[in-house]
Every structure is written in structure tokens, then in C-alpha cells.
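Heads up: numbering here begins at 1 and tracks the sequence.
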Amino acid sequence: MLSWFFISLLGTALFASSNVLDKILISRYFKGGGVGALAIYSALIGIIILPFPLIFDINFFSPSMYTIGLMIASGAVYLLGVIPYLYALAQDDTSTVVPIFQTIPIFAYVLAYFFLGEEITKSQLVGMFLIILGSIFISIDISGVAPSFKLKGTALMILASLLIALSSFLFKFTGVDYGFLITSFWTYLGYALLGIVLFLISSSYRSQFMYSLKANSAQ
């Protein structure tokens with residue numbers, strides 16, 4: 001039991017560190033490049049990781065085309081969830097933005113309830129209520145003369161949480177039958193493909209990405 005506590009504590013610490021790193025990247029190194037550049041850089045990770053599962057002797061085409069489509073969608077939806085998170089992080093403090101990620105389990109419970117037939121217990125309902133209540137309180141700005149609600153940042157984080165929960169749901173839904181490696185391969189492919197699509201169709205994201213390359217190479 002104690003070992004699980006320390007594993008959970010380590011996971012929380014790593015998650016918090018990654019959020020702080022994201023904030024540093026946006027505010028310092030990508031300030032001129034913008035969120036679009038960082039989103040595309042994030043998608044490049046999918047391209048880098050993509051070949052590694054191929055070293056295993058696994059038939060990656062064993063799932064049906066429909067299932068492969070869901071796996072690819074899982075990766076694409078995850079990147080779609082990262083984008084509003086980065087926008088929220090760009091405009092608000094990390095301590096305000098990141099705790100709203102706790103709403104991810106709420107969306108996961110709802111998706112599992114309607115599509116996987118899982119039950120929601122009373123204790124889970126109480127937990128969901130407390131998370132929603134906490135997210136409301138943490139989104140109230142009391143630095144001004146009168147308290148105000150950070151509507152835009154909160155809405156962006158709720159959207160990010162919903163999309164990431166949907167991505168996790170699709171990953172679990174397909175991974176149950178085909179395992180981690182096959183699911184991860186197609187998920188990272190979806191992650192990378194959406195990054196390429198964003199680069200090609202969004203002139204704003206493309207210009208931000210190219211600007212960041214020039215700015216960082218000049219330093």
C-alpha cells in the first residue's frame with residue numbers, strides 16, 4: 001500500500017513538473033512563436049516515437065479498419081485537447097489552470113457509464129461534485145477590486161479535459177482487445193497526422209512554427 005502511495009506521489013510530481021515546463025516554454029521560449037508552434041512541436045514527438053513499436057514482431061494491421069480509425073482518432077483527439085490547454089496556460093497561472101485537469105475523471109466516468117456500461121457509485125458522485133466545486137472556486141479571481149470568474153481560461157480547460165478524457169476512453173476501448181503496443185502505434189500516428197494537418201492548413205500555426213525555428217536557430 002505504501003509503495004503505491006509513493007508511486008502516485010512520483011506520478012503527481014512528474015505531472016506537475018511537466019505543467020511547469022509547459023508554462024516556461026510558452027512564456028519564455030515560445031512567446032514569439034505562440035501556442036501553434038508548441039502544438040506542432042508536440043506532434044513531432046509522435047513522429048519520433050512512432051518507429052519504436054515496430055521493432056517488435058507484432059501484426060499492427062490485425063485490428064479492423066474501423067478499430068484502427070478509432071485508435072488514430074484517439075491520438076488526434078488528444079492533440080486537440082492539448083491545444084486549448086496550452087491557450088489556457090498562456091493566459092493564466094499554472095496554479096489556476098492545472099487543477100482543472102481534475103475534471104478529466106468526471107468526463108471519463110460519464111463516457112464509461114454511457115458507452116461501457118460501468119456504474120457510478122455514490123462516493124464517485126460525491127467526488128465529482130467536490131471536483132466541480134473546487135474548479136469553480138479556483139477559477140474565481142480575487143486580485144481585483146471585485147471578484148471575477150475566469151470564464152475563458154476555465155472554459156478552455158474544461159474543453160481540454162473533455163477531449164483528453166475522450167482520447168483516454170478511445171484508447172481503453174480499443175486497447176482492451178489489441179494490447180498496448182498496437183494501440184499506442186496507431187494513437188501516435190493519429191497524434192502525428194493531426195500535427196501535419198495543422199501545419200498544412202493553418203497559416204497561423206505554420207508561421208508561428210517557422211518563426212520559432214528561425215528565432216531559436218538565431219540564438
Side-chain angles (χ1 to χ4, degrees), residues 1-27 35 38-39 42 45 73-144 147-176 180 183-184 187 190-191:
M1 187 71 179
L2 189 61
S3 62
W4 280 111
F5 170 77
F6 284 111
I7 291 173
S8 300
L9 188 63
L10 177 61
T12 303
L14 290 173
F15 180 71
S17 300
S18 68
N19 295 135
V20 173
L21 179 60
D22 288 337
K23 181 65 175 180
I24 293 173
L25 288 172
I26 290 175
S27 60
V35 169
L38 188 52
S42 299
I45 297 175
S74 173
V77 170
Y78 187 86
L79 181 56
L80 287 177
V82 169
I83 293 173
Y85 155 68
L86 293 176
Y87 276 113
L89 201 61
Q91 69 174 31
D92 286 327
D93 297 330
T94 308
S95 58
T96 302
V97 169
V98 175
I100 303 179
F101 263 142
Q102 298 302 317
T103 58
I104 292 177
I106 296 178
F107 294 115
Y109 282 141
V110 173
L111 289 170
Y113 176 80
F114 283 106
F115 295 101
L116 297 180
E118 297 184 7
E119 296 294 329
I120 300 178
T121 64
K122 291 182 179 179
S123 59
Q124 289 171 337
L125 286 173
V126 172
M128 291 165 64
F129 173 77
L130 292 176
I131 290 173
I132 293 172
L133 194 63
S135 299
I136 292 173
F137 278 117
I138 206 168
S139 300
I140 297 176
D141 185 5
I142 58 174
S143 60
S148 59
F149 188 74
K150 298 180 179 180
L151 180 60
K152 185 177 179 180
T154 303
L156 286 170
M157 282 307 300
I158 290 175
L159 176 60
S161 298
L162 171 61
L163 291 171
I164 292 174
L166 178 58
S167 172
S168 300
F169 167 78
L170 291 173
F171 188 92
K172 179 182 178 181
F173 182 75
T174 54
V176 168
F180 178 78
T183 309
S184 295
T187 298
Y191 196 87

With rounding to the nearest 0.5 angstrom, report the CG to CD1 distance, Leu156 to Ile83.
11.5 Å
Looking at every non-hydrogen atom in both residues, tell me the closest pair between Met128 and Ile120 and how far apart they are.
SD-CG2, 4.2 Å
With Ser123 via side-chain contact (heavy atoms from CB on, under 4.5 Å) - residues at least two apart:
Thr121
Side-chain donor-acceptor distances from residues 157-167 under 3.5 Å, at least two apart:
| unit_1 | atom_1 | unit_2 | atom_2 | d |
| --- | --- | --- | --- | --- |
| Ser161 | OG | Ile100 | O | 3.4 |
| Ser161 | OG | Thr103 | OG1 | 3.0 |
| Ser161 | OG | Met157 | O | 2.9 |
| Ser167 | OG | Ser74 | O | 2.7 |
| Ser167 | OG | Ser74 | OG | 3.3 |

Could you grab the distance from atom CD1 of Ile104 to atom CZ of Phe169, nearest 0.5 Å is fine?
15.5 Å
Aromatic ring proximity, centroids under 6.0 angstrom, Tyr85 and Phe101:
yes
Run the side chain to side chain contact (heavy atoms under 4.5 Å, CB included) test on Ser168 and Tyr78 for me, step by step, so that the C-alpha distance in whole Å, both residues' side-chain angles and the decisive distance to 0.1 Å come before the verdict.
CA-CA 8 Å; Ser168 300; Tyr78 187 86; 5.7 Å; no
Side chains of Thr174 and Leu170, heavy atoms from C-beta outward: is any pair under 4.5 Å?
no
Heavy atoms from other residues, nucleotides or ligands near OH of Tyr191 exceed 12 (cutoff 6.0 Å)
yes
Please list every donor-acceptor pair under 3.5 Å in which a side-chain atom of residues 112-119 meets a protein atom from a residue at least two apart or in another chain.
| unit_1 | atom_1 | unit_2 | atom_2 | d |
| --- | --- | --- | --- | --- |
| Glu118 | OE2 | Lys172 | NZ | 3.2 |

Of the non-hydrogen atoms in Thr187 and Thr183, which two are nearest, and what is the gap between them?
OG1-O, 2.7 Å
For the atom pair CG (Leu133) and CD1 (Ile131), what is the distance rounded to the nearest 0.5 Å?
11.0 Å
Answer yes or no: does atom OH of Tyr109 have more than 12 heavy-atom neighbours from other residues, nucleotides or ligands under 6.0 Å?
no
